[in-house]
Undergrad: 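My structure is below; once you've seen it, I'll send some questions.
Proteins get letters first, then strands, A, B, ... in listed order; numbering begins at 1 in each. What you see is a predicted model, and the numbers here were worked out from it, not measured in a lab.
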4 protein chains.
Amino acid sequence: MGQSKSAADNGNRESERRRTILRAAIDVFARKGYHGCRIADVAKEAGVAYGLVYHYFKNKDELLETVFDTGWSGFVTRVRAVVEGEGALAQKVRGVVDVAFEAYRVDPRAVKVLILEIARSPAGSRINRQTAFVDAIRLSSELFTRAKEAGELRSDTDPLLSSALLFGAIEMGLTAFVTGLADARDTQALERAKAQIAETFLHGVLADASPGAESPAWKPEKSSEKSATKSKVPKRT
Amino acid sequence: MGQSKSAADNGNRESERRRTILRAAIDVFARKGYHGCRIADVAKEAGVAYGLVYHYFKNKDELLETVFDTGWSGFVTRVRAVVEGEGALAQKVRGVVDVAFEAYRVDPRAVKVLILEIARSPAGSRINRQTAFVDAIRLSSELFTRAKEAGELRSDTDPLLSSALLFGAIEMGLTAFVTGLADARDTQALERAKAQIAETFLHGVLADASPGAESPAWKPEKSSEKSATKSKVPKRT
Amino acid sequence: MGQSKSAADNGNRESERRRTILRAAIDVFARKGYHGCRIADVAKEAGVAYGLVYHYFKNKDELLETVFDTGWSGFVTRVRAVVEGEGALAQKVRGVVDVAFEAYRVDPRAVKVLILEIARSPAGSRINRQTAFVDAIRLSSELFTRAKEAGELRSDTDPLLSSALLFGAIEMGLTAFVTGLADARDTQALERAKAQIAETFLHGVLADASPGAESPAWKPEKSSEKSATKSKVPKRT
Amino acid sequence: MGQSKSAADNGNRESERRRTILRAAIDVFARKGYHGCRIADVAKEAGVAYGLVYHYFKNKDELLETVFDTGWSGFVTRVRAVVEGEGALAQKVRGVVDVAFEAYRVDPRAVKVLILEIARSPAGSRINRQTAFVDAIRLSSELFTRAKEAGELRSDTDPLLSSALLFGAIEMGLTAFVTGLADARDTQALERAKAQIAETFLHGVLADASPGAESPAWKPEKSSEKSATKSKVPKRT
DNA sequence: AATGAATGAGCCTTCATTCAT
DNA sequence: AATGAATGAAGGCTCATTCAT
């Protein structure tokens, strides 16, 4: 029993160490970027000897990959839940934006890494835009494929591109906060940004022409998105 | 005349070399990324001796910065021309998208560098997202500020964020081609992507509910962009 | 005990390596001079890997500085012991000369470095004549200041300059051996040089005019320096 | 005639250029030291294109060698004139010291180079202590050889070493000024240093014990150098 | 003679990775 | 498991020298 306890301890201690190092890696990546980050930095941040990093990770690349995988797996999982869950398209789009911003709220540094360090890994690495955002993009594209088949989308939209545009907007929106272009401490601003991203994606930036229809769907007090869409559309052509 | 030619030759030859090296740097950056790009590679690609790179550029960072500045200055200049030119908002948005895609058509590798290598430069460098995309984003944000004042935009949109979203969509749209997610050799696809980006940004992805209105303006079979814009814009407001 | 031995081993092994590298640096410096000495040479001479030099020394300059500091600190310490010790002025002057020649006897290469490489370090470096010989010169100048106050020196001598002259004579005397102008393997010659330097400094090169006075003060078998000085001095002027 | 004049002009212009470059080299060497001095620096200082240095000098080493040769040849010539001229030993010793200090007064930077840059040249170079000071030392050693044969020197002095000591004292004395240890703008100090060097070398630093004898020979108010030397020497014992 | 662009060997330094303890 | 000394390949930068004009 003492043994098993010790073993458990060891086991815990091991994964604890592993997590400590991973956490340190995220922080250092966020601060210095992948290439500016040396293994020694990660070890120092984690408070461990620097050979130890190689006990838990084969090499720097695997460390980075783990950082990405860990970060993305959570994100992709949540995106999948939204995409495969119940609700109308608009609802799901808002859900995806929510997931991204929530991730940012919970761990801005991790998101900074995921956003800014995408495609920064060395040439040989498997980590790049393809394996990162693209997972989420492909996943969401199914959403748009189905929506299009259901006639919810304009007929000329390419689902994959739609998905790319959504994530492009999300990324650049978050980037505005990540890089300090916008103030991340302003919760109101974050909420407004979320809404604007989703609604712009859904309805565009243009104001409605008809009176009474100018209120976008996300203004809860005035109208549902659907009616807004309805009222606007007839006037086009 | 022989004289002036010789003088011109000298003048040209110098800047020719410089341009050759710059060109080579763009190509190597596009191929290997900032960190994977060695001065030796650039020199070899340019067909010049190693040391010559240092004749024209103080160091690797300055070379990089020049690549970025050159690339961006052209892009920003063109964006400014569109933004400050004549035309309705929608027209200008399409114009901005056009500029980006045209740049891609003319020199895909340069665009690849500008898109993928943003924010990859070392910590000490002045090259980063801030000084790159942000210039264009800030510039365009004026467009949205004015449009909002004119009532052309939904009242709840933040101009800076709108601008960021537009460029986010453009970036991710181009990224789809840059990374091979979409086929860059397909001119039709490029045209469709352009249209979809602009129109999604302007009108959202949602289909019009009313019959007869489902065709978005960018459907080529119905109308040219210009006429579509023309016919559409007057009716709004 | 095995433990303590192991601990001692570890402690020693580290500084042993450091000392090995320092030793190698001295040798290579002595052989090739500061600028001709490459880190690769030092590593090879020490029988360690290239990178290890940087494990123990921040850079080439620090390695150099350490070589100088180590060398000088020993020398300056010994000079100080002589200067601050007991004895008459003449005794101390001979002692200083002794220290220099003894250092040469023990480690001619180190002395060669200290003598020939002084002031060779790069502009930015802190190593130069000022911080090297000047320490010893300043230190000894106190000796002459006190001696002058005690009336042991001619009234018109500047203590600092006197000190400089002594070390100038010592340096050039050693240089004669270092450069091969004189034969360093000839112990007798070394002894004679020592004596000549000290006595020339103390009494000048000029022979005594009166017969029977041809024996210089430093001939131990005939008279003590003190009595020699005494007996000689009254007759002057 | 126009031709010959032109040729003369060219000839003059050429050697003028050569001298300009040499002068610039001396200045830059004095300022930055041999290794810290790049050909480009010399060219810039001289105000010429940098390939031109290679028209007049085969390579950097030859340039340095020329600097040394030029500097030393003047010095050695003057030392020779003193050594081979008329006068008593003491007179000649004072003359040698005079030559060195006069050289310093006329062109301190050149002397700085000659003093501080000795032995700094690369391993392969012929320029080093051997070919520099040693010429003067060997030359002067003949003086001491003859003086010793004439019984003017203590019997135990080695002529070569005596010569070395004299130049060592001169060098370190000048070094005090060159390095700023002493104030080179103080003409009085320079004169006193000259006197102290010569007299210390001739008579040593020790004060005479007898009253009224404390004034060294070089005190101008009591006696001329010559008479002092004369009157002093015979009275020694 | 004069210019300065072009060349490329050389060297310092960094840092991912391995290894002995 | 943990440590940190040891390794060495890689690459940025300098600068003496050459060469075309």
Undergrad: Take the protein atom NZ of Lys32(D) and the nucleotide atom P of dA16(F), then report the distance between them rounded to whole Å.
TA: 11 Å

Undergrad: Within less than 4.0 Å of OP1 or OP2 of dA1(E), is there a side-chain N or O belonging to Arg17(D)?
TA: no

Undergrad: Take atom CZ of Phe57(A) and atom P of dA16(E), then tell me their distance rounded to the nearest Å.
TA: 15 Å

Undergrad: Ile39(B) CD1 to dG8(E) P: how many Å, rounded?
TA: 16 Å

Undergrad: Using the closest heavy atom to pick a nucleotide of DNA chain F for each, name whichever of Arg38(B) or Lys60(D) lands nearer the 5' end.
TA: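 With Arg38(B) and Lys60(D) compared, the 5'-side residue is Arg38(B).
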
Undergrad: Which heavy atom of Ala24(B) sits nearest to which heavy atom of Glu45(B), and what is that distance?
TA: CB-CG, 3.5 Å

Undergrad: If you define the side chain from C-beta out and look only at heavy atoms, does anything of Glu16(B) sit under 4.5 Å from Ile21(B)?
TA: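 The answer is no; the side chains never approach within 4.5 Å.
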
Undergrad: May I have the step-by-step check of salt bridge (charged side-chain N to carboxylate O under 4.0 Å, His left out) for Asp27(C) and Arg31(C), ending in yes or no?
TA: CA-CA 6 Å; Asp27(C) 290 351; Arg31(C) 213 161 44 241; 5.6 Å; no

Undergrad: Tell me: CG of Asp61(D) to C1' of dT17(F), nearest whole Å?
TA: 13 Å

Undergrad: Rounding to an integer number of Å, can you tell me how far Tyr54(D) OH sits from dT7(E) P?
TA: 17 Å

Undergrad: On DNA chain F, nearest-nucleotide positions of Lys58(B) versus Gly51(C): which is more 5'?
TA: Gly51(C)

Undergrad: Using purine N1 to pyrimidine N3 plus N6-O4 or O6-N4 for Watson-Crick, or N1-O2 and O6-N3 for G-U wobble, each under 3.5 Å, what pairs with dT14(F)?
TA: dA9(E)

Undergrad: Looking at every strand, decide which applies to Leu52(D) at a 4.0 Å heavy-atom threshold: base, sugar-phosphate, or nothing.
TA: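 Base contact.
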
Undergrad: Between the base of dA5(E) and the side chain of His55(B), is one N or O donor paired with an acceptor at under 3.5 angstrom?
TA: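 When only heavy-atom distances are counted, His55(B) does not reach the base of dA5(E) through any donor-acceptor pair under 3.5 Å.
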
Undergrad: Go ahead and name the base partner of dA20(F); Watson-Crick or wobble counts if both distances stay under 3.5 Å, otherwise write none.
TA: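 The answer is dT3(E), by the H-bond criterion.
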
Undergrad: When the distance from OH of Tyr56(A) to P of dA2(F) is rounded to whole Å, what number comes out?
TA: 4 Å

Undergrad: When the distance from CG of Asn59(B) to C1' of dC12(E) is rounded to whole Å, what number comes out?
TA: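 Rounding to the nearest Å, CG of Asn59(B) and C1' of dC12(E) are 16 Å apart.
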
Undergrad: Side chain of Tyr50(D), base of dA6(E): donor and acceptor closer than 3.5 Å?
TA: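 Answer is yes: a donor-acceptor pair is held.
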
Undergrad: For Arg18(D) and Tyr56(D), indicate whether the former's side chain and the latter's backbone hold a donor-acceptor pair under 3.5 Å.
TA: yes

Undergrad: Which sits closer to the 5' end of DNA chain E, Ala49(B) or Gly47(D), going by the nucleotide each is nearest to?
TA: Gly47(D)

Undergrad: When the distance from NZ of Lys44(C) to C1' of dT7(F) is rounded to whole Å, what number comes out?
TA: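 Going from NZ in Lys44(C) over to C1' in dT7(F) covers 16 Å.
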
Undergrad: Is there side-chain contact between Ile39(C) and Asn59(C), with at least one heavy-atom pair below 4.5 Å?
TA: no

